[in-house]
**Q** 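Shown below is the structure under consideration.
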Amino acid sequence: MRKVCFFDTKPYDKLFFDRFAKKNGIELIYCESKLNEKSAVLAKECDAVVAFVNDVLDEKVLRMLSGYGISLVAMRCAGYNNVDLKEAYGKVHIVRVPAYSPYAVAEFTMGMFLSLNRKIYRAYNRIREYNFSLTGLLGTDFYGKTIGVVGTGKIGQVFIDICLGFGMRVLAYDPYPKEREGVRFVSFEELCRQSDMISLHCPLTKESYHIVDKKAIGDMKEGVMLVNTSRGALIDATALIEGLKDGKIGAAGLDVYEEEGDFFYEDYSGEVMQDDELARLISMPNVLLTSHQAFLTREALKNIAETTVENIRQFFAGEALPNEVCYRCSKNNICKKEHKERCF
Ligand code: NAD
């Protein structure tokens with residue numbers, strides 16, 4: 001049995017991972033703490049680590065893990081912006097789950113747009129107080145409106161299908177456009193200028209950090225609806241709050257937030273919120289904020305567990321690692337994985 005330390009465990013994780021781990025010779029040691037320099041020691045007697053979106057895998061933590069003899073971190077998610085890939089290279093292999101259910105995230109995204117537009121979350125609260133008034137709940141038809149999709153990878157493509165089904169005009173921005181019928185690829189500036197609704201589906205990189213900043217918001221249409229189910233730091237929260245206050249942004253749906261690592265997935269209902277920007281966003285009637293839950297469907301959790309366990313099995317069996325990522329992977333043909341080997 002290989003011992004694998006599983007950080008930031010939630011009850012629903014156990015439900016799905018227990019199904020696959022044991023039969024593949026893997027013993028999962030479930031820890032509730034997020035991985036960081038204080039908790040990394042919990043992995044000391046283990047052979048590998050399973051981590052998630054808000055775990056810290058910076059230089060210090062990776063050095064600690066490597067010092068304990070750990071040479072595999074299996075991310076149970078698609079994104080790996082929280083991993084210092086340069087530091088990991090040559091010491092710790094990083095594997096991930098590149099796709100588990102683009103439908104889960106794309107469907108949730110449309111759910112956010114619908115809820116914001118027709119104010120379903122506000123109606124729910126009103127009715128609970130026997131307030132049957134419709135004042136303030138006015139929405140618009142989505143049919144015929146222009147939506148701007150930023151990032152047209154797996155999730156972006158499914159989201160575009162949904163928007164086309166609603167009879168919307170679709171604009172898209174992606175540095176690597178995949179031309180398709182019904183979609184017009186434009187620059188990011190033009191997308192901002194022309195869209196009634198904007199949805200973010202690109203990864204967080206140096207180039208996309210704060211892609212929605214004061215300038216981009218300035219370019220947007222008056223009353224634009226903005227939804228981010230990708231990564232929090234794609235949006236500059238200070239600029240977003242200003243845009244919401246002056247009415248430039250008509251509504252915002254946020255499943256992610258730049259500083260979410262300090263709060264998301266935990267219960268702070270008995271405490272005073274220390275993040276003023278998060279508190280301000282939560283206080284606004286035209287902001288719908290959720291706790292990074294767009295992925296949370298049965299199908300997605302099953303696929304995440306199955307692929308993560310398979311990634312770990314492949315590593316210990318000495319096989320190639322198709323789901324490995326390294327900082328050289330993005331540089332054309334430099335990475336060995338292109339030749340069906342491990343990254344190092
Ligand atoms: P993907 O790799 O299939 O697609 C990403 C697309 O973004 C690619 O087409 C790429 O060319 C494009 N891109 C890269 N840099 C860009 C930029 N600067 N501007 C515009 N486009 C850019 O990824 P995916 O599976 O579609 O996932 C997209 C993102 O969704 C992930 O990176 C992750 O951050 C997020 N995500 C969130 C959840 C959630 O629960 N909220 C779950 C899964 C994924």
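In what follows, residues are counted from 1 in the order of the sequence shown.
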**Q** So, do D255 and Q293 sit near enough that their side-chain heavy atoms are less than 4.5 Å apart?
**A**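 In contact.
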**Q** Does R180 have more than 12 heavy atoms from other residues, nucleotides or ligands lying within 6.0 Å of its CZ?
**A**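 Counting other residues, nucleotides and ligands, CZ of R180 exceeds 12 neighbours.
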**Q** Has R118 got more than 12 heavy atoms of other residues, nucleotides or ligands less than 6.0 Å from its CZ?
**A**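 Not more than 12 within 6.0 Å, no.
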**Q** How close do K44 and Y68 get, heavy atom to heavy atom, and via which atoms?
**A**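 Scanning both residues, the minimum pair turns out to be CG-CD2, 3.6 Å.
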**Q** Do F17 and F6 have ring centres separated by under 6.0 Å?
**A**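 That pair passes the under 6.0 Å test.
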**Q** Identify the two heavy atoms, one from S71 and one from K91, that lie closest to each other, and give their separation to 0.1 Å.
**A**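 So the two residues come closest at CB-O, 3.6 Å.
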**Q** Given side chains that start at C-beta, do those of Q157 and K178 come closer than 4.5 Å, heavy atoms only?
**A**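 They are in side-chain contact.
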**Q** Are the side chain of K119 and the backbone N or O of L138 linked by a donor-acceptor pair below 3.5 Å?
**A**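 Looks like yes, one N/O pair under 3.5 Å.
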**Q** Run the salt bridge (charged side-chain N to carboxylate O under 4.0 Å, His left out) test on K145 and D141 for me, step by step, so that the C-alpha distance in whole Å, both residues' side-chain angles and the decisive distance to 0.1 Å come before the verdict.
**A** CA-CA 8 Å; K145 294 290 182 306; D141 289 0; over 6 Å; no
**Q** Quick one, L200 with V227, criterion side-chain contact (heavy atoms from CB on, under 4.5 Å). Give me CA distance, side-chain angles, the key distance, then yes/no.
**A** CA-CA 7 Å; L200 305 180; V227 168; over 6 Å; no
**Q** Centre of Y30's six-membered ring, under 6.0 Å away, within 45 degrees of the axis: is that where NZ or CZ of K14 sits?
**A**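 The answer is yes, since K14 meets both limits relative to Y30.
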**Q** Side chains of N81 and Y209: any donor to acceptor distance under 3.5 Å?
**A**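 No pair is found: no donor N or O on one side chain lies under 3.5 Å from an acceptor on the other.
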**Q** Using a 4.5 Å cut-off on heavy atoms from C-beta on, say whether the side chain of F16 contacts that of E306.
**A**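 A side-chain contact is absent here, since even the closest heavy-atom pair is not under 4.5 Å.
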**Q** Do any N or O atoms from the side chain of N286 and from the backbone of G250 form a donor-acceptor pair under 3.5 angstrom?
**A**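 A pair under 3.5 Å: yes.
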**Q** May I ask you to say whether D276 pairs ionically with R280, meaning some side-chain N is under 4.0 Å from a carboxylate O?
**A**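 So D276 does not pair with R280 through a salt bridge.
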**Q** So, the side chain of Y12 versus the backbone of L296: is there a donor-acceptor pair under 3.5 Å, distance only?
**A**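 Side chain of Y12 to backbone of L296: no pair is present.
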**Q** Indicate the atoms forming the closest heavy-atom contact of A239 with K214, along with that distance.
**A**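 That closest heavy-atom pairing would be CB-N, 3.6 Å.
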**Q** Could you give the distance from CG (L244) to CD1 (I217), rounded to the nearest 0.5 Å?
**A**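 If I round to the nearest 0.5 Å, the distance is 8.0 Å.
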**Q** Judged by modelled atom types alone, do S39 and N36 share a side-chain donor-acceptor pair under 3.5 Å?
**A**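 The criterion, which ignores hydrogens and geometry beyond distance, is satisfied for N36 and S39.
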**Q** Could you tell me whether K10 and D8 make a salt bridge, using a distance below 4.0 angstrom between a side-chain N and a carboxylate O?
**A**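 A salt bridge links K10 with D8.
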**Q** With the side chain counted from C-beta on, respond yes when L226 and L254 share a heavy-atom pair under 4.5 Å apart, and no when they do not.
**A**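 No - every pair of side-chain heavy atoms lies 4.5 Å or more apart.
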**Q** Any side-chain to backbone donor/acceptor pair from S115 onto M112? Under 3.5 Å, distance only.
**A**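 Not at all, since once roles are kept as given, no pair shorter than 3.5 Å links the two residues.
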**Q** So, are E37 and R63 salt-bridged, with charged N and O less than 4.0 Å apart?
**A**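 No, this pair does not count.
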**Q** So, D84 versus Y327: side-chain donor-acceptor pair below 3.5 Å or not?
**A**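 Side chains of D84 and Y327: no pair found under 3.5 Å.
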**Q** Taking it one step at a time, do L191 and I198 satisfy side-chain contact (heavy atoms from CB on, under 4.5 Å)?
**A** CA-CA 8 Å; L191 181 146; I198 295 176; 4.1 Å; yes
**Q** Taking the side chain as C-beta and beyond, is there a heavy-atom pair between V83 and V73 under 4.5 Å?
**A**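 No, too far: nothing below the 4.5 Å cut-off.
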**Q** Would you call R231 and E260 a salt bridge, using N to O less than 4.0 angstrom?
**A**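 Judged by the 4.0 Å cut-off on N to carboxylate O distance, R231 and E260 do not form a salt bridge.
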**Q** When the ring planes of Y100 and F295 are compared, do they come out parallel, tilted or perpendicular, using 30° and 60° as the limits?
**A**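 Perpendicular, since the angle between the ring planes exceeds 60°.
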**Q** Hey, are T290 and H292 close enough side-chain-wise for a donor-acceptor pair under 3.5 Å?
**A**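 Result is no, nothing qualifies.
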**Q** Taking all non-hydrogen atoms of both residues into account, name the closest pair between S33 and F7 and its distance.
**A**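 Shortest heavy-atom contact: O-CD2, 3.5 Å.
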**Q** Compare every heavy atom of N311 with every heavy atom of R96, then report the nearest pair and how far apart it is.
**A**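 Minimum heavy-atom separation between R96 and N311: O-ND2, 2.8 Å.
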**Q** In a check of side-chain contact (heavy atoms from CB on, under 4.5 Å) between Y257 and each of L281, L240, D262, which one passes?
**A**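 Filter result, single survivor: L281.
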**Q** First locate atom CZ of F188, then atom OH of Y173, and finally report the distance between them rounded to the nearest 0.5 Å.
**A**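 Interatomic distance, F188 CZ to Y173 OH, rounded to 0.5 Å: 8.0 Å.
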**Q** Looking only at the side chains, is there a donor atom on one of R169 and T146 sitting less than 3.5 Å from an acceptor on the other?
**A**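 Checked: R169/T146 side chains pair up, N/O donor to acceptor below 3.5 Å.
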**Q** Decide whether V95 and V325 are clustered together by the hydrophobic rule: side chain heavy atoms of Ile, Leu, Val, Met, Phe, Trp, Tyr closer than 4.5 Å, transitively.
**A**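 The answer is no; the residues belong to distinct hydrophobic clusters.
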**Q** Assess, by modelled atom type and distance only, whether the side chains of E258 and H210 contain a donor and an acceptor separated by less than 3.5 Å.
**A**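 The answer is yes; a qualifying pair exists.
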**Q** Looking at S291 and Y265, would you say the former's side chain and the latter's main chain have a donor-acceptor pair under 3.5 Å?
**A**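 Such a contact is found between S291 side chain and Y265 backbone.
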**Q** Hey, does L234 have a side-chain heavy atom less than 4.5 Å from the side chain of V212?
**A**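 Contact flag for V212/L234 side chains = no.
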**Q** May I ask you to decide whether D18 forms a salt bridge with K22, counting only side-chain N to carboxylate O separations under 4.0 Å?
**A**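 No.
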**Q** Indicate, with yes or no, if L28 and L15 share a hydrophobic cluster defined by side-chain heavy-atom contacts under 4.5 Å among Ile, Leu, Val, Met, Phe, Trp and Tyr.
**A**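 Hydrophobic grouping puts L15 with L28.
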**Q** Does CD in E32 sit with more than 12 non-hydrogen atoms of other residues, nucleotides or ligands closer than 6.0 Å?
**A**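 No - once you tally the heavy atoms of other residues, nucleotides and ligands closer than 6.0 Å, there are 12 at most.
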**Q** What distance separates T229 OG1 from F113 CZ, expressed to the nearest 0.5 Å?
**A**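 Rounded to the nearest 0.5 Å, the OG1-CZ separation comes to 8.5 Å.
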**Q** Among the clusters formed by ILVMFWY side chains lying less than 4.5 Å apart, do F142 and L288 turn up in the same one?
**A**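 Per the 4.5 Å side-chain linkage, F142 and L288 are co-clustered.
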**Q** Starting from the C-alpha separation in whole Å, work towards a yes-or-no answer on side-chain contact (heavy atoms from CB on, under 4.5 Å) for L65 and V61.
**A** CA-CA 6 Å; L65 296 179; V61 171; 4.2 Å; yes
**Q** Flag yes if more than 12 heavy atoms outside E129 fall under 6.0 Å of its CD atom; otherwise flag no.
**A**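 No, not enclosed.
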**Q** To the nearest 0.5 angstrom, please state how far the CG atom of N131 sits from the CZ atom of R122.
**A**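 That separation rounds to 10.0 Å.
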**Q** Do N228 and S230 have side-chain atoms, one donor and one acceptor, less than 3.5 Å apart?
**A**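 Checked: N228/S230 side chains show no N/O donor-acceptor pair below 3.5 Å.
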**Q** Whether the side chain of S101 engages the backbone of A104 through a donor-acceptor N/O pair (distance < 3.5 Å, no angle test) should be reported.
**A**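 Confirmed, S101 side chain pairs with A104 backbone.
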**Q** Taking a hydrophobic cluster as the set of Ile, Leu, Val, Met, Phe, Trp and Tyr residues connected by side-chain heavy atoms closer than 4.5 Å, whether directly or through intermediates, do L116 and V224 fall within one such cluster?
**A**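 Not linked; separate clusters.
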**Q** Supply the atom-to-atom distance I155 CD1 to F108 CZ, rounded to the nearest 0.5 angstrom.
**A**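 Rounded to the nearest 0.5 Å, the CD1-CZ separation comes to 12.5 Å.
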**Q** What do you reckon, is CZ of F132 surrounded by more than 12 foreign heavy atoms closer than 6.0 Å?
**A**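 Counting neighbours around CZ of F132, more than 12 heavy atoms of other residues, nucleotides or ligands fall under 6.0 Å, so yes.
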**Q** Is the closest side-chain heavy-atom distance between Y103 and E299 below 4.5 Å?
**A**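 Not touching, per the 4.5 Å side-chain cut-off.
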**Q** On a heavy-atom basis, which atom in C329 and which in E324 lie closest, and how many Å separate them?
**A**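 For C329 versus E324, the nearest heavy atoms are SG-O, 4.2 Å.
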**Q** With clusters defined by side-chain heavy atoms of hydrophobic residues (ILVMFWY) lying less than 4.5 Å apart, directly or transitively, does Y89 cluster with M64?
**A**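 In one cluster with M64: Y89, yes.
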**Q** Could you grab the distance from atom CD1 of I312 to atom CG of N24, nearest 0.5 Å is fine?
**A**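 These two atoms lie 9.0 Å from each other.
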**Q** Closer than 4.0 angstrom, basic N to acidic O: yes or no for R193 and E190?
**A**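 Between E190 and R193 there is no salt bridge, as every charged N stays at least 4.0 Å from the carboxylate O atoms.
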**Q** Do any N or O atoms from the side chain of N82 and from the backbone of V53 form a donor-acceptor pair under 3.5 angstrom?
**A**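 Judged by distance alone, yes, a pair lies under 3.5 Å.
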**Q** Would you say T297's side chain and A300's backbone share a donor-acceptor pair under 3.5 angstrom?
**A**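 Yes; at least one donor-acceptor contact below 3.5 Å.
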**Q** Under the 3.5 angstrom rule, does the side chain of D55 hit a backbone N or O of F52 as a donor-acceptor pair?
**A**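 Yes: the side chain of D55 pairs with the backbone of F52.
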**Q** Kindly indicate whether the side chain of R328, heavy atoms from C-beta on, has any atom under 4.5 Å from the side chain of C343.
**A**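 No, their side chains stay 4.5 Å or more apart.
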**Q** Indicate yes or no: does R313 engage E310 in a salt bridge with an N to O separation below 4.0 Å.
**A**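 E310 and R313: salt-bridged.
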**Q** Do Q314 side-chain atoms and E319 backbone N/O form a donor-acceptor pair below 3.5 Å?
**A**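 Checked: no pair found.
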